[in-house]
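These notes concern the structure reproduced below.
Ligands are counted one by one from 1 in listed order, and the atoms in each one are counted from 1 as well.
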Amino acid sequence: MAKSTMDQDLLRVLYSEEQIRTRVQELGDELFEAFRDKNPLFVGVLKGCFLFMADLVRACQIKSEVEFIAVSSYGNGYESSGNVQITRDLQYDITGRDLIVVEDILDSGNTLYFLAQYFKTKGARSVTIVTLLDKPERREKPIKADYIGFTAPNEFVVGYGLDFKQQYRNVPYIGVMKPEIYENDD
Ligand code: PRP
């Protein structure tokens with residue numbers, strides 16, 4: 001396999017492919033036990049969730065459905081604007097459904113605080129939040145995840161779905177970016 005041209009922009013590996021695989025399977029097992037009789041609807045929050053969602057639903061062999069919603073609050077920057085906009089809405093009626101909302105990262109909380117309320121107003125019976133990474137130090141809104149892959153340090157991370165200016169999502173592990181990459185950016 002050709003060598004990655006992205007590794008050189010990363011300071012270190014924070015969570016390896018192996019660590020991620022193991023943790024995702026554990027989460028899948030826990031969700032299986034919690035939702036085995038509920039026919040849940042997995043709702044992935046695009047785009048960051050796409051790899052985690054794909055792995056999580058396969059790690060949780062439960063009869064369920066899959067849906068996506070896309071929101072934007074960061075633009076191309078790396079600080080949340082706090083202004084969450086839906087850029088691709090749900091296509092299903094979620095009235096009375098048990099939702100498992102799948103996120104790559106819970107940071108300021110702006111996105112999930114908004115979405116949890118949105119799903120409730122759309123009639124969801126329950127909203128369970130699963131996030132691969134949680135950065136509790138960064139929280140601005142009163143929101144907690146029900147299932148957390150890793151509690152991450154307050155560093156700029158990319159890979160496994162997480163981006164910097166839409167790039168690095170395809171790095172197969174989660175790594176810390178070299179500060180000079182984003183600090184020198186306009
Ligand atoms: C990222 C991430 C979460 C959100 C978390 O999305 O995927 O949805 O930020 O941050 P918050 O807790 O501060 O709201 P982003 O808006 O960067 O879009 P993306 O998923 O397309 O990368």
Inset, instruction - Examine ligand 1 and decide if any of its atoms is less than 4.0 Å from a heavy atom belonging to Arg169. - result: yes
Inset, instruction - Answer side chain, backbone, both or neither: which part of Asp107 comes under 4.0 Å from ligand 1, heavy atoms only. - result: both
Legend entry - Contacts of type salt bridge (Lys or Arg N to Asp or Glu O under 4.0 Å), residue Glu180, not counting sequence neighbours: none
Legend entry - Polar proximity ligand 1 side, Leu112 side, N/O cut 3.5 Å exclusive: no
Legend entry - Intermediate values then yes/no, salt bridge (Lys or Arg N to Asp or Glu O under 4.0 Å), Arg97 and Glu67: CA-CA 12 Å; Arg97 299 299 306 268; Glu67 171 63 303; over 6 Å; no
Legend entry - Side chain, backbone, both or neither: the part of Arg138 lying under 4.0 Å from ligand 1 by heavy atom: neither
Inset, instruction - May I ask you to list the atoms of ligand 1 that are less than 4.0 angstrom from any heavy atom of Glu103? - result: 2 (C), 3 (C), 7 (O), 8 (O)
Legend entry - Asp134 with Lys144: basic N within carboxylate O range, under 4.0 Å: no
Legend entry - Test item: side-chain donor near acceptor, Tyr182 and Asp9, under 3.5 Å: no
Inset, instruction - May I ask you to check if ligand 1 and Gly48 share an N or O to N or O distance below 3.5 Å? - result: yes
Legend entry - Val45 and its side chain to side chain contact (heavy atoms under 4.5 Å, CB included) partner, picked from Leu115, Ile129, Val102: Leu115
Inset, instruction - Please could you name the atoms of ligand 1 that Gly109 approaches to less than 4.0 Å, counting only its heavy atoms? - result: 11 (P), 12 (O), 13 (O)
Legend entry - Ligand-side contact atoms (ligand 1) for residue partner Ile105, heavy atom cut-off under 4.0 Å: 2 (C), 3 (C), 5 (C)
Legend entry - Phe50 six-ring face occupied by Lys47 cation (under 6.0 Å, within 45°): no
Inset, instruction - Between Thr111 and ligand 1, find which residue part has any heavy-atom pair under 4.0 Å and reply side chain, backbone, both or neither. - result: both
Legend entry - Among Leu133, Thr151, Leu132, Ile143, side chain to side chain contact (heavy atoms under 4.5 Å, CB included) partner for Leu106: Ile143
Legend entry - Residue selection (non-hydrogen contact nearest atom 21 (O) of ligand 1) among Lys47, Arg139, Glu140, Gln85: Lys47
